[in-house]
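The block underneath contains the structure these notes are about, expressed in structure tokens.
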Amino acid sequence: MKAARVKDLYRHLVTKKQKWNSTLNTFSIKEIPSLGSIDIPFTSPFTVICGPNGVGKSTLLNALRLTMDGNAELPASSFSRKLTSGSSYLALQANGETFETEVSFNNGIPTRSSGDARQLVFISTGETIFSLQNSLCAFDSREDLINGAGTKELSEEELEQVNYILKRDYRRVAVSEVELKGIVPFFEVSYGDDDYDSRTMGTGELSALYIWWELTRAEKDSFILLEEPETFLSPATQEAMANFLLSEAYSKGYCITITSHSAAMIAQLPASSLKFIFRAGGSLRLSDPPNPGTLEKLGIKSYVKTILLVEDAAAEIFLKHLLEHVDPILSTNVAIKIRDGHGGITRTLREVAEIQGPIKFIGIYDGDMRTNDAVRNLENACFLPGDEAIESSFKKLVTAQPEQLAAIRGVSTEKVLEILSGAEGADLHDWYQAISAGLGLSREQLLSNLFVLWQRELDNQIIEDWHNELLKAL
């Protein structure tokens, strides 16, 4: 799969969500002993529920599974024994219609109180692969195992897929769908000088092939749940698997929900696809956005890939908060550097235009430069939200709503009005100095507070459009 194709797929999650007919809307659990209560809004057709080991990701996914399809065999599993009481609610979209269902849990048995069950595909290689391989190894003879089942040779395109996922160069892969406890795949491969099958292949190899088989046989627009698909896979294979899953989701309309703590599977996804959970007070909580400690705990390190050039210190502080708000992972992979006004940004972009390397330079101009044709036509130019310098926007916001700043700072509105009166008539630089001094804040602290006010007041669509604009530039 070409790198450009992969980038397009991740961008489509944000720009082409309307392509999916099947989506999850909201999943809520209430008073489940092992999980507590939590509401999870789904904002993408491809969602990864992230969190460290032991937080409850697998139990949560199984609660979602029971709520959707009420699989009769699940109550015998260890996860269902954690669902001794409590209830759940799910709203989803399928073929343009909204469906809602509610389930209560009683000693591991789900009772559907409203709504209908829906068919889904559930994959847990951690539970499946060892038992699958043990069952296949019970047969010494290939012929006894196959027992008349047809054997299918993978097509050239399918062979290319499994080679991409496993970083192999198989000469041949064949699969037989055999009847054991249900239909299971039996793989036979030729690699190098070796010919072998599912009974002797490595656990990670069989795990990846099993996921590939489940995904390629699922019906169009299916709901698919995967529990930690990175289990048994190397980091490189984990990343390739994530790309393959997304490719299948986009081409076949799959709505995929995954639990994972794999940095390789998480790091490339947009913020809308990630739900970070943690435990506090005996209940699950959403970390939205995730803090740097949460990302580091999952192994998502800060590697600078892009340098964003801004006009001044106010733009630097504002952009830092904006990125942390809309795309926490991206915020760890950029460095923000101040240039000497818009002219300094333009000069720097021209100087680095011919440099080819791993670092990309993007100019982030103030909003009042949108109408400047010379800037607008630059290849790597973007703009902050709005149509004026951010300091001007902040000043207008405080002047119009002094009580909002007073509430954030824990002072009276009269105090803020007094400070504003003393700063009246000053230029922007001196105005900010006066407000900072009056409130006992540094300039950075003041701008951080004003960002909170700005974010509350602005239409979320404007922020989302800005985020999409930046992603396209990247």
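- For the residue pair S260 / E228, no side-chain donor-acceptor distance below 3.5 Å is found, with atom types taken as modelled.
- E143 and S141 share a donor-acceptor pair across their side chains, judged by distance under 3.5 Å alone.
- For the side-chain contact (heavy atoms from CB on, under 4.5 Å) with K337, the qualifying choice from T348, L309, L308, V310 is L309, the only one to do so.
- Rounding to the nearest 0.5 Å gives a distance of 12.5 Å between CD1 of I307 and CG of N380.
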**Request:** Apply the test side chain to side chain contact (heavy atoms under 4.5 Å, CB included) to residues M241 and E230: give CA-CA distance (whole Å), side-chain angles for both, the deciding distance (0.1 Å), then the verdict.
**Result:** CA-CA 8 Å; M241 178 61 76; E230 69 268 20; over 6 Å; no

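- Contact check on R65 versus E227 returns no salt bridge, with no Lys/Arg side-chain nitrogen under 4.0 Å from an Asp/Glu carboxylate oxygen.
- Side-chain atoms of Y10 and S273 include no donor-acceptor pair closer than 3.5 Å.
- Of all heavy-atom pairs spanning I338 and E311, the tightest one is CG2-O, 3.8 Å.
- Counted within 6.0 Å of CD on E153, heavy atoms from surrounding residues, nucleotides or ligands total more than 12; the atom is thus considered enclosed.
- By the 4.5 Å heavy-atom criterion applied to side chains, I40 and L64 are not counted as neighbours.
- No side-chain heavy atom of S262 sits less than 4.5 Å from a side-chain heavy atom of L233.
- Remark: the backbone N or O of N243 is not paired with any side-chain donor or acceptor of Y164 at under 3.5 angstrom.
- Taken from CG in L61 to CG in L66, the straight-line distance is 10.5 Å, to the nearest 0.5 Å.
- One distance of note links OG of S247 with CG of L9; it measures 5.5 Å at 0.5 Å rounding.
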**Request:** Test T346 against Y365 for side chain to side chain donor-acceptor pair (under 3.5 Å), laying out the working first.
**Result:** CA-CA 9 Å; T346 302; Y365 293 86; 2.7 Å; yes

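- Rounded to the nearest 0.5 Å, atoms CG (L274) and CG (D327) are 8.5 Å apart.
- Side-chain polar atoms of S88 and T67 form a donor-acceptor pair below 3.5 angstrom.
- Under a cut-off of 6.0 angstrom, the local environment of CD in Q18 is crowded, with over 12 non-hydrogen atoms contributed by other residues, nucleotides or ligands.
- At most 12 non-hydrogen atoms from other residues, nucleotides or ligands lie less than 6.0 angstrom from CD of E379.
- Two residues are said to be in side-chain contact when any heavy atoms from C-beta on lie closer than 4.5 Å; R142 and T151 meet this criterion.
- Residues V326 and L470 have side chains not in contact (no heavy-atom distance under 4.5 Å, counting atoms from C-beta outward).
- Judged by distance alone, the side chain of Y254 and the main-chain N or O of L215 form a donor-acceptor pair under 3.5 Å.
- More than 12 heavy atoms of other residues, nucleotides or ligands lie within 6.0 Å of NZ in K167, so this atom counts as buried by the packing criterion.
- The six-membered or imidazole ring of W454 lies near that of F318, with a centre-to-centre distance under 6.0 Å.
- Remark: E324 engages K320 in a salt bridge, criterion side-chain N to carboxylate O under 4.0 Å.
- Side-chain N or O atoms of S207 include none that pairs as donor or acceptor with a backbone N or O of T125 at under 3.5 Å.
- Figure legend: cation-pi geometry between R118 and F223 absent, as NZ or CZ is not positioned both under 6.0 Å from the six-membered ring centre and within 45° of its axis.
- Seen from the ring of Y89, K30 does not count as a face-on cation partner, given the 6.0 Å and 45° thresholds.
- The closest side-chain heavy-atom distance from F139 to V178 is not below 4.5 Å.
- Taking CZ of F42 as the reference point, atom CD1 of I49 lies at 5.0 Å (rounded to 0.5 Å).
- Sorted by first and then second residue, the pairs that involve residues 249-266 and meet salt bridge (Lys or Arg N to Asp or Glu O under 4.0 Å), not counting sequence neighbours, are E248-K252.
- Inter-residue side-chain proximity for I266 and F276 is flagged as met; some heavy-atom pair is nearer than 4.5 Å.
- With no hydrogens or angles considered, a side-chain donor-acceptor pair links E205 and Y196 at under 3.5 Å.
- Applying the salt bridge (Lys or Arg N to Asp or Glu O under 4.0 Å) definition to pairs two or more places apart or across chains, those involving residues 216-225 are E177-R217, E214-R217.
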**Request:** Decide yes or no on side chain to side chain contact (heavy atoms under 4.5 Å, CB included) for R168 and V162, but give the supporting numbers first.
**Result:** CA-CA 8 Å; R168 292 289 186 98; V162 297; over 6 Å; no

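- Looking at S283 and R285, their side chains do bring a donor and an acceptor atom within 3.5 Å of each other.
- Between Y250 and K16, some side-chain heavy-atom pair lies under the 4.5 Å cut-off.
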**Prompt:** Step by step, would you call S114 with E102 a side chain to side chain donor-acceptor pair (under 3.5 Å)?
**Reply:** CA-CA 5 Å; S114 68; E102 293 181 275; 3.2 Å; yes

**Item:** Intermediate values then yes/no, side chain to side chain contact (heavy atoms under 4.5 Å, CB included), L471 and T15
**Value:** CA-CA 10 Å; L471 292 177; T15 61; over 6 Å; no

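- Between L13 and S272, every side-chain heavy-atom pair lies at or beyond the 4.5 Å cut-off.
- K57 pairs by the side-chain hydrogen bond (donor to acceptor under 3.5 Å, both in side chains) definition with nothing, not counting sequence neighbours.
- Residue D116 places its CG atom among 12 or fewer non-hydrogen atoms of other residues, nucleotides or ligands, all under 6.0 Å distant.
- Considering all non-hydrogen atoms of both residues, A117 and D69 come closest at CB-O, 3.8 Å.
- F27 CZ to T101 OG1: the interatomic distance, rounded to the nearest 0.5 Å, is 10.5 Å.
- Between D8 and R5, no side-chain nitrogen of the basic residue sits less than 4.0 Å from a carboxylate oxygen of the acidic one, so the salt-bridge criterion is not met.
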